[in-house]
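Just follow the structure's listing: the first ligand is 1, and inside any ligand the first atom is 1.
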Amino acid sequence: MPTASMHELIRDWDGLSVVVRHDRDSGAWFFIALHDATLGPPTGGCRMTLYPRPEDGLLDAMRLARGMTFKWAGIDMEFGGGKSVIALSRPLEGQERIDTLLRFGRLLEALKGAYWTGEDLGTTPRDMAIIARETRFVQGVVDEGGSKKAVDPGPYTAQGVLAGIRATVSHTLGSRELRDRTILIQGVGDVGDPLAHLLAAEGARVLVSDLDPDQAREVARSVDGSVVAPDRVYDTPCDLFAPCAVGAVLNADTIPRLQCRMVAGAANNQLKDEGEDALRLHARGIVYAPDYIVNAGGAIALIMLGREAPGDRILARIGKIEDALRTILEEAAVADESPLLAAQRKVDDLLRGARSDR
Ligand code: PHE
């Protein structure tokens, strides 16, 4: 958690700008972090959750916006990095939640497309449909018989994670076969739950963990897998660890404990300290698939659905995550470096090339 003040956090950030609004009626803070617009308009989800202090929400927005810059560039899509946070100081329900979302929507409309939003942790497709009553600048909302309907990116993100896991497994073990591989999913919510089903259908042995014990039990039962207690996740042997909950789960405390050969999951910002933790994983011989490549399926789907692309084309595009990631893993192996560095080089090259074209 940051100890810096808001203005210090913004001053030290490498992004473009941050839009800040204190929403007096709800007591929430709106943070819209615009990281980079080289490839297109800053676009990324809206996270709505409780934070101990508004500074924590601001930092989350800035880190996640940066991640979006990498995500779009990593999958060659013409959008820029942006993310928003509605930082709550108390839970909002019912009409109060709706009204807050509507005010957030009006702020987006006032920004005239400088930022496009979509679903993220703590927001739902229904929330997106509410925001879309006030603004055009929401990805993944489609018109259905005159009313607005938002799609859930979770199952698409899960398809992309499956592609990412295949690439990681085939690179590391020499075959993309998932049968009898043991895969531990941390967090079986919007992405982890459909992922568990996809993996089970491939014959993988699925271990699931969730802070909600009922949810963990339910998913484990439906995929014939088993439950791992949240405090045992980092010490449980498996072939591949798939973080699909919150960020910063790979850090100085957890990495030395891991008993897996690979990490590939959906959570954003899995490394607590990007540089250091990528090195720690590499030094332990654990193959780390960069989160923003693995979890790009939802972003791809939201954009393509908005353009009314047919389902099979969307799935085919998401499936390309496998090739993109395999190339990155191979490059990293040749250079004996963390795949994060290889991915970052790809992104830097792309952004530099795009900037010099202008
Ligand atoms: N929040 C998801 C992500 O980070 C999906 C999303 C992508 C939402 C793009 C809006 C825009 O990938």
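Distances below 4.0 Å separate heavy atoms of Asn268 from the following atoms of ligand 1: 4 (O). Of all atoms in ligand 1, listed by their number and element, those nearer than 4.0 Å to a heavy atom of Met68 are 4 (O), 9 (C). Near Gly44, with a cut-off below 4.0 Å to any heavy atom, the atoms of ligand 1 are 10 (C), 11 (C). In the vicinity of Asp120, heavy-atom distances shorter than 4.0 Å reach the ligand 1 atoms 1 (N), 2 (C), 4 (O).
The distance criterion of under 3.5 Å between nitrogen or oxygen atoms is not met by Asn295 with respect to ligand 1. The shortest N or O to N or O distance between Glu119 and ligand 1 is under 3.5 Å. Annotation: Thr43 places no N or O atom under 3.5 Å from an N or O atom of ligand 1; distance criterion only.
Side-chain contact annotation: Asp120 with Thr123, donor-acceptor N/O pair under 3.5 Å absent. In the model, Asn268 has no side-chain atom that pairs as donor or acceptor with a side-chain atom of Tyr292 under 3.5 Å. Side-chain contact check for Ser170 and Arg176: no donor-acceptor pair (N or O, by modelled atom type) lies under 3.5 Å. For the residue pair Arg355 and Thr38, a side-chain donor N or O sits within less than 3.5 Å of a side-chain acceptor on the partner.
Nearest protein neighbour of atom 12 (O) of ligand 1, counting heavy atoms only, is Lys71 NZ, 2.6 Å.
Side-chain contact between Asp277 and Asn251 is present, with at least one heavy-atom pair separated by less than 4.5 Å. Counting only heavy atoms from C-beta outward, the side chains of Leu305 and Ile314 approach each other to under 4.5 Å. Side-chain contact between Glu337 and Arg345: present, with at least one pair of heavy atoms (C-beta onward) separated by less than 4.5 Å.
Heavy atoms of Leu302 found under 4.0 angstrom from ligand 1 belong exclusively to the side chain. When non-hydrogen atoms are compared, ligand 1 lies under 4.0 Å from the backbone of Ala299 as well as from its side chain. At a heavy-atom distance under 4.0 Å, only side-chain atoms of Trp72, from C-beta outward, approach ligand 1.
The one candidate from Asp190, Val294, Asn295 that meets the side chain to side chain contact (heavy atoms under 4.5 Å, CB included) condition with Thr157 is Asn295.
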